[in-house]
Amino acid sequence: MIEKILNKFSLTQSLIVIILISLIFPVPILFYLYGSEAIRSGLLVFSSIILVQSLIIILCFSFIYYHKILKPMKRLVIDAKKLANKELDAPFVWNGKDEFGTLGRIFNTTRVSLKFLIETLLEQNEKLDEKVKLRTKELEEANNYKSEFLANMSHEIRTPMNAIIGMSHLLAKTNLDIHQANYTMKIKDASDALLRIINDILDFSKIEAGKLKIESIAFDLHKELRKSISIFEILSQEKKLKFDGNYSHTHRFFRGDPYRIMQIINNFQSNAIKFTNKGSISLNVKEEKLDREKSRLMLSVTDTGIGIANEKQDELFQAFGQLDASTTRKYGGTGLGLYICVQLASMMGGKIVFESKLGEGSTFSLILELVVAQGADVQKENAQDLFVPLNILLIENDVNAQNILKDIIRSFGFFLSVVVDCEKALERLKEETFDLFIIAYNLPDIDGIQTLAKLKKEKPNLAPAILVTKSQDPLVKSQAFEAGFERFVPKPISPSFLYDDITTLCEVKKSNLLISPEIINFSDKRILVVEDNEINLEVALYLLKETRAKIEFVRNGFEAIEKIKQMDFDAILMDLQMPIMDGYEATRIIKNKLKSTTPIIAMTANVMTQDIQKCLDVGMIDHIAKPFEIEEFYGTLLKLFQGIDAKEKQTVCENADVCFDKNTAIKKLGNSVVLWKKTFCNFYEKYDNLQKQIQDFLEKKDIQGLQIYVHTLKGLAGSIGANRLREEAKKMEMALKQSSDIDENFFQQLLAEHAVFFEDAKQEFQTLCLAEKKMQEEGFDNIKNIMPMLDELLIALEQSNLSLIKKLLKNLATCEPLQGNETFALLLKLCKVYEFEKARLVVNKLKGGLPHDK
């Protein structure tokens, strides 16, 4: 109430009232001092009243001071802080009419104006930000358009430029007069210079657009440097400059981007030759080993050229920068080369340093940290593609030399077969194609030179051959080259030089093969294969044999359980659909009753999600699809045994519309023509009478057996490349699972596709398989024919080649000397139960017991 009354008075008015009271207050005191007694008595009372009144006045003054001065000042301070902190939403309420109230209302007006200004500013900033973003985007797009345009134009120009360069090269080889030859050379030189400029612009545009990618692959540094030096040595000789290269003391194989590394080194060498008129140029590589896996390399190019002045050195690595205009006129170029080199070095985690003195020369160095690789890594990797491992035949009778070359060649990732003499080589040549022959000079019966002559007589278009010998006789070397050997390799053999010779001589074909079985070693693993189908079993055994694993085989789930009770295994490959006991039931018993911890991998043609889940539910850890693909087969085992999850599977692309796709099927089997041939011949013989087999199942009303039969047909058809037949078998299998109303008409489409495939494949079968079949039908009657077959049987037993074992035993059974022979009967029994090691001993016993002449 009092505060409301005070609010009606201004501060000035309140102070005037207090001053008037203070002026009236001394009057009673004067009357008391100078008046009469009565007056004094009255004044005493009056003074007491005045005293009380004064106290009241003081209290009023204090109250007025607090509410009219202190409190408004505090509110002004609070409002001022709100203005400073931009807390402008709530209004500043001032109702008083005094000076503080006026000032408070001014603060509120300031708040409103400031809020409007800030909101306006924010709105303008948002609009400005949008404009900036839009402009930035336009600039980026313009830059990208520029870079893409440069890239596209560079590519477009490269095509006719390559034609000009190629044609001028060809033209130079024709009969030209002096003037024409001079013009042609000038065209070629100008074209080369223009092409270098185009390449620089292309790389520059890629860098600017952020589209230049750095690879990380295994490569041969020595090989890359040697190729580069061979080019720049010639260019140096043209200017009468001495050129030296020193790199042989470093590691050979590294992991990085060889193309970009050599682009930098080639730029250094090109500049060195360009700016050097006399003296020498040298390429040196220094290696500092950081740890077991990584090294720091310094690749330096030193010249005795014109050098660079100190004040010009900062301009050296700028885009389109030249030291002065005369450089372009005299030496040419765009000024992009070193700028691109710096960018490339940075992208690879390295750097470029240089030293230079005017008139004395320069040294440019690339410093990089690279991971050390192995020769096998280089063999497995070629850019982003992988190649088909070369198939090499070694003809060598010395066991120690065989073992040394096996280790060397297989470390490169190549396939290697070994024979001991010319006759064995001729036999292998009839069965298989090889990319390279390595022949020892000292062989029994005839030497290596004569061996090559006989091989060429048998097969005129023979693959390249290398002669290996201890002899340094120039005459032997001369005879070797005259006979057709491409290389002469002295012993002891250098793996590095042998690698160069092989990769130089042989065309390395690219493929999608990710895993080379020759460099997989499961020799410490024991694997059980459970498979009832003979063809699928043979394929699995062939693939496993390449890994040097110890292998056991059984035909059904019941036999698998008995086998597991007898010995331990590191892995079990389990077929699912088998007679007596299927894979599902066998896995349940192995896991639940036997409490075995051995990992079980399903082998199945059923690859739907629910099928795979069913395998996992019963205790299997993974699955391998049928038809087998080498990537998946080896990759699954590598993941199990070594924890190596192979690179993302790049399966061979199949065309379901193609009836017979032999080449794709061979690729899926690791490019093994031999394995495909065996699988194909067995398939053709077994499924030639498909219609009769289906009729037999229908007559017996064995729908489950028919379903298993079609299921197996589906998988095997895929293995040999019968794509459309496989698709029809797949449809039929699904139909058999869903329908109970089945008759022979139900299979018309499958039988029709079967007829088409067998007609297409008939010529292939007659060419590949009938010759062997004819031999089986004719039989053998004398010891001279029996002995080679027993030798072949020993090899087949060692390789666990089931189909070949079966054929040989069938042939041997027709031979009269073996009929009724107890040792041969024991051999048949052992082979029937897959006791191949014991069977080998029996074969040797059989050979010793037979007469050598008849």
Side-chain angles (χ1 to χ4, degrees), residues 379 387-398 401-402 404-406 408-410 412-471 473-491 493 495 497-511 516 518 662-663 666-667 670-678 764 767-768 771-772 788 792 795:
Q379 286 301 309
F387 61 72
V388 178
L390 297 173
N391 194 15
I392 299 173
L393 180 65
L394 171 63
I395 307 174
E396 172 67 82
N397 67 315
D398 183 82
Q402 285 180 7
I404 291 170
L405 281 165
K406 278 181 184 178
I408 292 173
I409 293 171
R410 284 177 175 170
F412 297 155
F414 297 141
F415 292 116
L416 180 69
S417 300
V418 181
V419 295
V420 297
D421 56 32
C422 181
E423 295 303 319
K424 297 291 184 184
L426 288 170
E427 291 176 12
R428 291 299 298 270
L429 202 57
K430 294 176 182 177
E431 300 177 356
E432 201 168 349
T433 302
F434 295 95
D435 302 300
L436 179 72
F437 294 86
I438 300 178
I439 306 174
Y441 179 70
N442 296 312
L443 292 173
D445 300 331
I446 60 174
D447 62 30
I449 295 175
Q450 293 172 314
T451 297
L452 180 63
K454 292 191 71 172
L455 293 177
K456 285 196 169 187
K457 186 177 180 181
E458 179 69 23
K459 192 172 184 179
N461 297 323
L462 197 70
I466 296 174
L467 182 67
V468 178
T469 177
K470 291 180 180 178
S471 173
D473 187 349
L475 181 60
V476 173
K477 189 173 184 179
S478 175
Q479 291 175 346
F481 286 128
E482 287 178 6
F485 281 97
E486 300 287 344
R487 294 289 186 277
F488 181 89
V489 178
K491 295 181 180 179
I493 294 170
F497 292 148
L498 182 60
Y499 171 83
D500 285 342
D501 289 336
I502 292 174
T503 54
T504 301
L505 291 175
C506 298
E507 178 186 359
V508 179
K509 299 176 182 179
K510 293 185 178 180
S511 170
S516 175
E518 285 293 333
K662 172 184 173 180
N663 294 332
I666 292 173
K667 288 179 182 179
N671 295 285
S672 174
V673 178
V674 174
L675 178 55
W676 179 86
K677 174 186 169 183
K678 293 175 181 177
E764 192 83 28
T767 303
L768 295 177
E772 293 183 12
E792 190 174 1
I795 298 173

Inset, instruction - For the residue pair Ile439 and Ile466, establish whether any side-chain heavy-atom pair is separated by less than 4.5 Å. - result: no
Legend entry - Selection residues 435-457 - residue pairs positive for ring-ring contact (aromatic ring centres under 6.0 Å, His included), sequence neighbours left out: Phe434-Phe437
Legend entry - Rounded distance (nearest 0.5 Å) linking atom CD1 of Ile392 with atom CG of Leu436: 5.0 Å
Legend entry - Where Lys406 and Val418 come nearest, the two heavy atoms and their spacing: CE-CG2, 3.6 Å
Legend entry - Close side-chain approach of Ile438 to Val468, heavy-atom, < 4.5 Å: yes
Legend entry - Close side-chain approach of Thr451 and Asp445, heavy atoms under 4.5 Å: no
Inset, instruction - Using a 4.5 Å cut-off on heavy atoms from C-beta on, say whether the side chain of Arg487 contacts that of Leu467. - result: no
Inset, instruction - Compare all side-chain heavy atoms of Ser417 with those of Arg428 and state whether any distance is below 4.5 angstrom. - result: yes
Legend entry - Distance (rounded to the nearest 0.5 Å) between Glu486 CD and Leu452 CG: 9.5 Å
Legend entry - Rounded distance [0.5 Å steps], CG in Leu429 versus CG in Leu462: 6.0 Å
Inset, instruction - Flag the pair Asp421 / Ile395 as yes when at least one side-chain heavy-atom distance between them is below 4.5 Å, and no otherwise. - result: no
Inset, instruction - Check the surroundings of atom NZ in Lys454: do more than 12 heavy atoms from other residues, nucleotides or ligands lie under 6.0 Å from it? - result: no
Legend entry - Main-chain N/O of Glu396 paired with Gln402 side-chain donor or acceptor, under 3.5 Å: yes
Inset, instruction - Taking the side chain as every heavy atom from C-beta outward, state whether Lys459 and Thr433 have any pair of such atoms under 4.5 Å apart. - result: yes
Legend entry - Atom pair CD1 (Ile404) and CG (Asp398), whose distance is rounded to the nearest 0.5 Å: 8.0 Å
Inset, instruction - For Glu458 and Leu455, indicate whether the former's side chain and the latter's backbone hold a donor-acceptor pair under 3.5 Å. - result: no
Legend entry - Shortest non-hydrogen separation from Ala425 to Leu393 and the atoms involved: CB-CD2, 4.2 Å
Legend entry - Minimal non-hydrogen separation, Ala480 against Ile449, with atom names: N-CD1, 3.8 Å
